[in-house]
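This report refers to the structure that appears directly beneath it.
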Amino acid sequence: MGLRKKGTKNPPVLSQEFILQNHADLVSCVGMFFVLGLMFEGTAEVSIVFLTLQHSVVVPAEELAAGPKTLYHYGVKDLATVFFYMLVVIIIHATIQEYVLDKISRRMQFTKAKQNKFNESGQFSVFYIVSCVWGTIILMSENCLSDPTLLWRTHSHTMMTFQMKFFYISQLAYWFHGFPELYFQRIRKQDLPSQLIYIGLHLFHITGAYLLYLNHLGLLLLVLHYFVELISHLCDVFYFSDEKYQKGVSLWTIVFVLGRLTTLVVSLVTVGLHLVVSHSRDGDTDSISGNVNVLAAEIAVLSSSCTIQAYITWTLLTVWLQRWLEDSNLQASSLKKKKPMIKGRSSRKGTENGVETANRVDAPPKRKEKTS
C-alpha cells in the first residue's frame with residue numbers, strides 16, 4: 001500500500017525519521033504477514049485467531065425461537081484479534097491523513113497549531129460518524145430502541161451476537177491504536193498526560209462494558225457520548241475552515257449539556273431497574289456467570305459513569321474559563337492601546353499646553369508705538 005509521504009530528503013533506513021514517515025507501510029507489511037499465513041496449512045490456524053472472531057458457540061434451536069444461531073463470548077484470544085485490527089486502524093488513519101486531511105490543510109494554508117487541531121478533529125469526526133451510525137444500526141437490529149427493557153433485563157445466557165462483538169473489538173482496536181499514534185504524530189510532551197487520560201478513560205469503560213456483559217447499555221451510552229463529541233469536533237473543523245462558523249460552539253454547548261444529562265439518567269435508570277429485577281428474582285449470580293447482579297459491581301458501574309461525566313464537565317468548564325480569561329485580557333489590552341491614541345489626537349487638535357483652545361479668541365497683536 002503506497003502510503004509513503006512525499007519528502008525532499010530520504011532518511012536512513014530504520015532511523016526514527018524513516019519509521020515516522022513510513023509507519024503505515026511498515027504496519028501494512030506486518031498485517032500482510034498474518035493474511036499470508038492463511039495460505040499455508042501449518043500457519044492457517046494461528047492466522048485465523050488474529051483475523052476472525054473467536055470463542056463462538058452454536059446455540060441449538062431448542063433454546064432460541066428463531067432457530068440455531070452462532071453467538072460469542074469473550075476470552076483470551078480476543079487480544080490477538082484486537083491487535084490485528086489495531087494494525088488495520090493505523091493504516092486507515094494514515095490513509096485519511098494523507099489523502100484527505102493533508103490536502104485540505106495545504107489548500108487552506110493553516111498554521112502549525114491550527115493544522116494539528118484540524119487533523120485531530122478530522123480524524124475523530126470520521127471515527128465518531130462511523131461509530132454512531134454503526135452503533136445505531138446494531139441497537140435497531142437487536143430491538144433495543146423498541147424494547148428498552150433489554151438494557152436491564154437479566155438474560156439466561158451470557159452471549160453476544162457477531163455484530164455486537166465485532167463492534168466492541170473494533171472500538172478496543174481504535175483506542176489502543178491511539179498509543180502508537182502519539183509517537184507517530186509527534187505529540188508534544190506537555191500534551192501527553194491529557195491524551196493518555198482521554199484514551200485510558202475510553203478503554204476503561206469500553207472494556208468494563210465488554211467484560212461485564214453490559215453490551216446494550218454500553219453501546220447506548222457510547223452512541224450518546226460519540227454524538228456529543230462528533231458535534232464538538234465538527235464545530236472545530238468548520239471553525240478552522242472559516243472563523244465565521246464560531247456560532248456553532250453555542251450549538252455544541254446545548255448538545256453537550258443534554259448529552260451528559262441523558263447519559264446520567266440512562267445510567268441511573270438502567271442500574272436501578274437492573275437491581276430491582278435481579279433481587280426480585282433472587283439472582284445471586286456473580287460476574288463470572290455474566291449477569292452483573294452483585295451490588296458492589298453495579299455500584300461500581302454507576303459510580304464510574306458518574307465520575308467520567310463529572311470529569312468531562314469539569315474539563316469543559318476549565319476550557320471555557322481559560323478562553324474567557326484570554327478574551328477578556330485581549331479586550332483589555334486593545335482598549336489600553338486605543339486610549340493613548342485618542343488622547344494624543346485630542347491634545348493636538350483641542351488643547352495647547354494643557355489649555356483648551358477650541359473656544360478661545362486670541363488677542364490681537366500689539367502695535368509698535370512710533371517714537372518721534
Side-chain angles (χ1 to χ4, degrees), residues 1-4 14 16 18-57 70-98 123-124 126-128 130-131 134-135 138 159-187 192 195-215 218-219 222 226:
M1 299 181 67
L3 299 175
R4 188 177 290 105
L14 298 182
Q16 181 180 6
F18 177 84
I19 295 174
L20 293 176
Q21 290 186 5
N22 303 277
H23 69 272
D25 292 326
L26 299 175
V27 170
S28 63
C29 292
V30 177
M32 289 299 298
F33 175 78
F34 293 106
V35 176
L36 292 175
L38 296 173
M39 301 176 61
F40 305 97
E41 185 177 358
T43 58
E45 294 182 0
V46 179
S47 297
I48 289 176
V49 176
F50 287 87
L51 271 66
T52 61
L53 300 182
Q54 301 299 310
H55 305 288
S56 60
V57 175
T70 302
L71 298 176
Y72 297 83
H73 56 87
Y74 64 82
V76 180
K77 294 181 180 179
D78 291 341
L79 297 176
T81 311
V82 169
F83 174 76
F84 175 78
Y85 285 100
M86 182 188 69
L87 302 179
V88 175
V89 173
I90 293 176
I91 298 172
I92 296 174
H93 184 112
T95 304
I96 296 173
Q97 182 66 45
E98 182 174 357
Q123 292 285 352
F124 277 126
V126 174
F127 169 69
Y128 290 143
V130 174
S131 297
W134 189 6
I138 295 176
M159 298 292 176
M160 294 174 281
T161 59
F162 174 84
Q163 57 182 357
M164 181 70 76
K165 179 166 183 174
F166 189 51
F167 178 84
Y168 275 96
I169 292 293
S170 302
Q171 294 295 313
L172 292 173
Y174 179 85
W175 290 109
F176 271 116
H177 110 284
F179 294 114
E181 284 295 336
L182 295 177
Y183 171 73
F184 295 146
Q185 301 300 324
R186 304 178 183 181
I187 301 298
L192 280 177
Q195 294 287 341
L196 292 175
I197 292 174
Y198 189 74
I199 296 172
L201 286 174
H202 283 85
L203 283 175
F204 174 75
H205 288 85
I206 294 173
T207 305
Y210 182 67
L211 296 179
L212 297 176
Y213 290 102
L214 298 172
N215 306 315
L219 179 57
L222 273 179
Y226 286 167

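Listed here is the closest heavy atom pair of Ile91 and Ala24: CG1-O, 4.2 Å. Taking both residues in full, the closest heavy atoms of Tyr168 and Leu219 are given as OH-N, 3.2 Å, listed atom of the first, atom of the second, then distance. In plain terms, the two heavy atoms of Lys165 and His73 that are nearest each other are NZ-O, 2.8 Å. For the pair Ala80 and Phe50, the tightest heavy-atom approach, listed with the atom from each and the gap, is O-CD2, 3.3 Å.
At least one donor-acceptor pair under 3.5 Å links the side chain of Gln54 to the backbone N or O of Ile48. At least one donor-acceptor pair closer than 3.5 Å links the side chain of His55 to the backbone N or O of Lys77. Side-chain atoms of Ser28 come within 3.5 Å of backbone N or O of Asp25 as a donor-acceptor pair.
Between the CZ atom in Phe83 and the CD1 atom in Ile169 there is a gap of 14.0 Å [rounded to 0.5 Å]. Rounding to the nearest 0.5 Å places CZ of Phe176 at 9.5 Å from CD1 of Ile206. Interatomic distance, CG of Leu53 versus CE of Met160, reported as 9.0 Å (0.5 Å rounding). With rounding to the nearest 0.5 Å, the separation of CD in Gln195 from CD1 in Ile187 is 5.5 Å. Atoms CD and CD, on Gln123 and Gln185 in that order, are 7.0 Å from each other to the nearest 0.5 Å. Between Leu182 atom CG and His177 atom NE2 the span is 9.0 Å, to the nearest 0.5 Å.
None of Ile90, Thr95, Ile96 except one satisfies the side chain to side chain contact (heavy atoms under 4.5 Å, CB included) rule with Ile92; the exception is Ile96. Screening Tyr85, Tyr210, Tyr226 for a side-chain hydrogen bond (donor to acceptor under 3.5 Å, both in side chains) involving Gln171 leaves a single residue, Tyr226.
His23 and Phe184 have parallel rings, their planes meeting at less than 30° on a 0 to 90° scale where 60° marks the start of perpendicular. Ring-plane geometry between Phe166 and Phe162 is classed as parallel, the angle between the planes falling under 30 degrees on a 0 to 90 degree scale with a further cut at 60.
By the 6.0 Å contact criterion, CZ on Phe33 is open, its count of non-hydrogen atoms from other residues, nucleotides or ligands being 12 or less. Around the CZ atom of Phe204, the shell of radius 6.0 Å holds no more than 12 heavy atoms that belong to other residues, nucleotides or ligands.
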Show me, pair by pair, the donor-acceptor contacts under 3.5 angstrom made by side chains of residues 35-47, not counting sequence neighbours?
{"from": "Thr43", "atom 1": "OG1", "to": "Gly37", "atom 2": "O", "distance (Å)": "2.7"}
{"from": "Ser47", "atom 1": "OG", "to": "Phe34", "atom 2": "O", "distance (Å)": "3.1"}
{"from": "Ser47", "atom 1": "OG", "to": "Thr43", "atom 2": "O", "distance (Å)": "3.1"}

Side chain to side chain contact (heavy atoms under 4.5 Å, CB included) between Thr70 and Val57, worked out
CA-CA 6 Å; Thr70 302; Val57 175; over 6 Å; no

Applying side chain to side chain contact (heavy atoms under 4.5 Å, CB included), run through His202 and Tyr174 and close with a yes or a no.
CA-CA 10 Å; His202 283 85; Tyr174 179 85; over 6 Å; no

Leu203 vs Leu172, side chain to side chain contact (heavy atoms under 4.5 Å, CB included): CA-CA, chis, key distance, verdict
CA-CA 7 Å; Leu203 283 175; Leu172 292 173; 4.2 Å; yes

Is there a side chain to side chain contact (heavy atoms under 4.5 Å, CB included) between Leu222 and His205 once you walk through the steps?
CA-CA 9 Å; Leu222 273 179; His205 288 85; over 6 Å; no

